[in-house]
J.: 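Before anything else, here's the structure in question.
Protein chains get the first letters and strands the later ones, always in sequence-line order, with residue 1 at the start of each.
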There are 2 protein chains.
Amino acid sequence: MPKKKRQILPKEQRRQQLIEATIRCIARDGLGSITMHMVTQEAGLSLGIANLHFKTKDNLLKETLRSVAEEYHGGQIAIMEGHRTAGLADRLASLLAFQLGRGVTQRQKMAVWFAYYGEAGARPVYQKIVSASDRMAALTLESLFTDIIEEGQYKDANPAEIAMGYSALIDGLHLALLVTPREISKRQAKAIARNFLHRAFPRHI
Amino acid sequence: MPKKKRQILPKEQRRQQLIEATIRCIARDGLGSITMHMVTQEAGLSLGIANLHFKTKDNLLKETLRSVAEEYHGGQIAIMEGHRTAGLADRLASLLAFQLGRGVTQRQKMAVWFAYYGEAGARPVYQKIVSASDRMAALTLESLFTDIIEEGQYKDANPAEIAMGYSALIDGLHLALLVTPREISKRQAKAIARNFLHRAFPRHI
DNA sequence: TATGGGAATGAATGATCGTTCATTCTGAGT
DNA sequence: ACTCAGAATGAACGATCATTCATTCCCATA
């Protein structure tokens, strides 16, 4: 076994390295049984390093959640706002592909996501971190649906309600993929979500 | 302060008492930071009692999950199978009322539910406990939908897919009610679920 | 009323884990 | 080549917590 050599790297890189190790540890062992020893070992670093870059374990966990939340909601918002050139139907399809695509439905990401949701009821800090980006994503989704309803002349369609329903459905599908992967495939999950959108906006998807 | 008197009670009653205390503690402090001291104190009993009735903390947590899962899925199955006399439309409405009604949407119950889901990715034992009753409930739901599809002559409707979608939607709504209660009311959640069912079975609800 | 089986107690134990900080080591700047 | 600011290390400490078990106490039974 080659002895690993100590290396000095910029702060930002070490922070990212530790956050990624934390994600892997949460996915493998759960948020409840994670230890600093695990995380730093997973990162290939020493115990004390965590104290250097994040003051406490609690802080490391908060920053990890923030990172995952921003990645998810950021990706979502980018699709909805970024491709202003693309048509509404295309944006809808891209959104669905993103939310149930390779990047997001990795066990690792979903496990982290729900590990935090599980503690959110008891830890307002987690709620706060998520709700910041969550609210923004919800508003963007609502605005996309508003445009679609106008373009498609869908009568009696309430964009806020459809957006809440759609978001809930996606969350529920992620949960099913995480907890009972043998009962549902990604293909089925996509079909179900597409069906929901099709019933709401039949002329767009 | 009146000194509490030691009392001897049947095993089953103590077990229930401890499980209920565990549920309250999980809802208040989270599955991650629960201690035996908390639970036994919440139950108004002594530390050692937990070892007497459940061998270990781990076992107490497993039994608590089993209890919550059975209460939820059991209630669901009772509605779908119990009222064989009632019409299909009534059963559908009862199911919805139960799943988003007072009993189930208490913060306490939902918090426990998602606390375990959060750890399920890393703890196969939890998955196993839930999937036992979950699978049964899913099959019963599917069979109800099959009957409704036949009665309503809904063409091209896949009962298994609609059942998975509906279950996911309900889970997602519970999650939203737990994590962002300010963004969604129980009334809205019911409307969203009802809408989903209405689009699938317009002549039944 | 007397008594034994076993339910209930909680101080003590040992293990685990977060955090600290004296020390070592690196590499950019001179 | 030399230097030193500060990045990185990990042994040690103290706090927390699950678990144990010797002891106390209740109450059904006789």
Side-chain angles (χ1 to χ4, degrees), chain A residues 1-26 28-65 115 119 122-123 125-126, chain B residues 1-26 28-65 115 119 122-123 125-126:
Chain A
M1 186 118 84
K3 61 179 85 174
K4 51 190 166 188
K5 202 174 168 194
R6 181 192 280 196
Q7 204 179 358
I8 289 181
L9 288 174
K11 264 186 173 298
E12 201 41 53
Q13 197 167 335
R14 282 274 183 258
R15 285 177 61 93
Q16 199 52 39
Q17 193 179 353
L18 285 166
I19 285 178
E20 277 162 20
T22 305
I23 291 174
R24 287 196 298 275
C25 285
I26 292 175
R28 183 184 344 102
D29 305 306
L31 182 56
S33 60
I34 209 175
T35 71
M36 294 310 279
H37 189 83
M38 274 182 202
V39 173
T40 51
Q41 185 156 305
E42 173 74 31
L45 297 169
S46 68
L47 232 192
I49 195 96
N51 173 253
L52 191 65
H53 295 287
F54 302 86
K55 238 190 92 59
T56 62
K57 175 187 181 184
D58 212 66
N59 198 242
L60 170 61
L61 294 181
K62 279 181 348 199
E63 292 303 315
T64 302
L65 173 58
E119 293 286 297
R123 306 208 45 180
V125 199
Y126 292 166
Chain B
M1 186 119 86
K3 63 180 84 175
K4 52 190 168 185
K5 201 174 169 192
R6 179 192 279 194
Q7 206 180 357
I8 287 181
L9 288 174
K11 263 186 171 306
E12 201 42 53
Q13 197 166 333
R14 284 274 182 255
R15 285 176 62 93
Q16 199 54 38
Q17 193 179 354
L18 284 168
I19 284 178
E20 277 162 20
T22 305
I23 290 174
R24 285 195 299 275
C25 285
I26 291 174
R28 187 188 336 107
D29 305 306
L31 181 55
S33 60
I34 209 176
T35 71
M36 295 309 280
H37 188 83
M38 274 183 203
V39 173
T40 51
Q41 185 156 305
E42 173 74 31
L45 297 169
S46 69
L47 233 191
I49 194 97
N51 172 252
L52 191 64
H53 295 287
F54 301 87
K55 239 189 89 61
T56 62
K57 175 187 181 184
D58 212 66
N59 197 243
L60 170 61
L61 294 181
K62 277 178 355 196
E63 292 303 316
T64 302
L65 173 59
E119 292 286 298
R123 306 207 46 178
V125 198
Y126 292 166

J.: Roughly, in whole Å, what's the span from CZ in R6(A) to P in dG6(D)?
T.: 16 Å
J.: Mapping M38(A) and K55(A) to their closest nucleotides on DNA chain C, which lands nearer the 5' end?
T.: M38(A)
J.: Is the shortest side-chain N/O distance from H53(A) to OP1 or OP2 of dA8(D) below 4.0 Å?
T.: yes
J.: Return the value, rounded to whole Å, for the distance between atom CD of Q7(A) and atom P of dA8(D).
T.: 9 Å
J.: Return the nearest nucleotide to the side chain of M36(A); candidates are dA8(C), dT9(D), dG18(C).
T.: dG18(C)
J.: Would you mind telling me which residue lines up with the more 5' stretch of DNA chain D, K11(A) or I34(B), judged by nearest nucleotide?
T.: K11(A)
J.: Measure from CD1 on I49(B) to C1' on dA18(D) and round the result to the nearest Å.
T.: 16 Å
J.: If you assign L47(B) and I8(B) each to the DNA chain D nucleotide with the nearest heavy atom, which residue ends up on the more 5' nucleotide?
T.: L47(B)
J.: Could you tell me how far apart Q13(A) (CD) and dA7(D) (P) are, to the nearest whole angstrom?
T.: 14 Å
J.: Looking at R14(B), does any N or O in its side chain come under 4.0 Å of the phosphate oxygens OP1/OP2 on dA7(C)?
T.: no
J.: Which of these, D29(B), L60(B), T64(B), sits in a side chain to side chain contact (heavy atoms under 4.5 Å, CB included) with V39(B)?
T.: L60(B)
J.: Roughly how far apart are I49(B) CD1 and R14(B) CZ, rounded to 0.5 Å?
T.: 5.5 Å
J.: Do Q17(A) side-chain atoms and A43(A) backbone N/O form a donor-acceptor pair below 3.5 Å?
T.: yes
J.: Might you point out which heavy atoms bring L31(A) and A115(A) nearest each other, and give the distance in Å?
T.: CD2-O, 3.6 Å
J.: Expressed as a whole number of angstroms, how long is the span from Q17(A):CD to dA7(D):C1'?
T.: 13 Å
J.: Report yes if a side-chain nitrogen or oxygen of N51(B) is closer than 4.0 Å to either non-bridging phosphate oxygen (OP1 or OP2) of dT20(D); otherwise report no.
T.: yes
J.: Roughly, in whole Å, what's the span from CG in L9(A) to C1' in dG6(D)?
T.: 14 Å
J.: Treating E119(B) as the side-chain partner and G32(A) as the backbone partner, does any N or O pair qualify as donor plus acceptor under 3.5 Å?
T.: yes
J.: Give the rounded distance in Å between these two atoms: CZ of R15(B) and P of dA7(C).
T.: 13 Å
J.: Nearest whole Å is fine: how far is dC17(D) P from Q41(B) CD?
T.: 12 Å
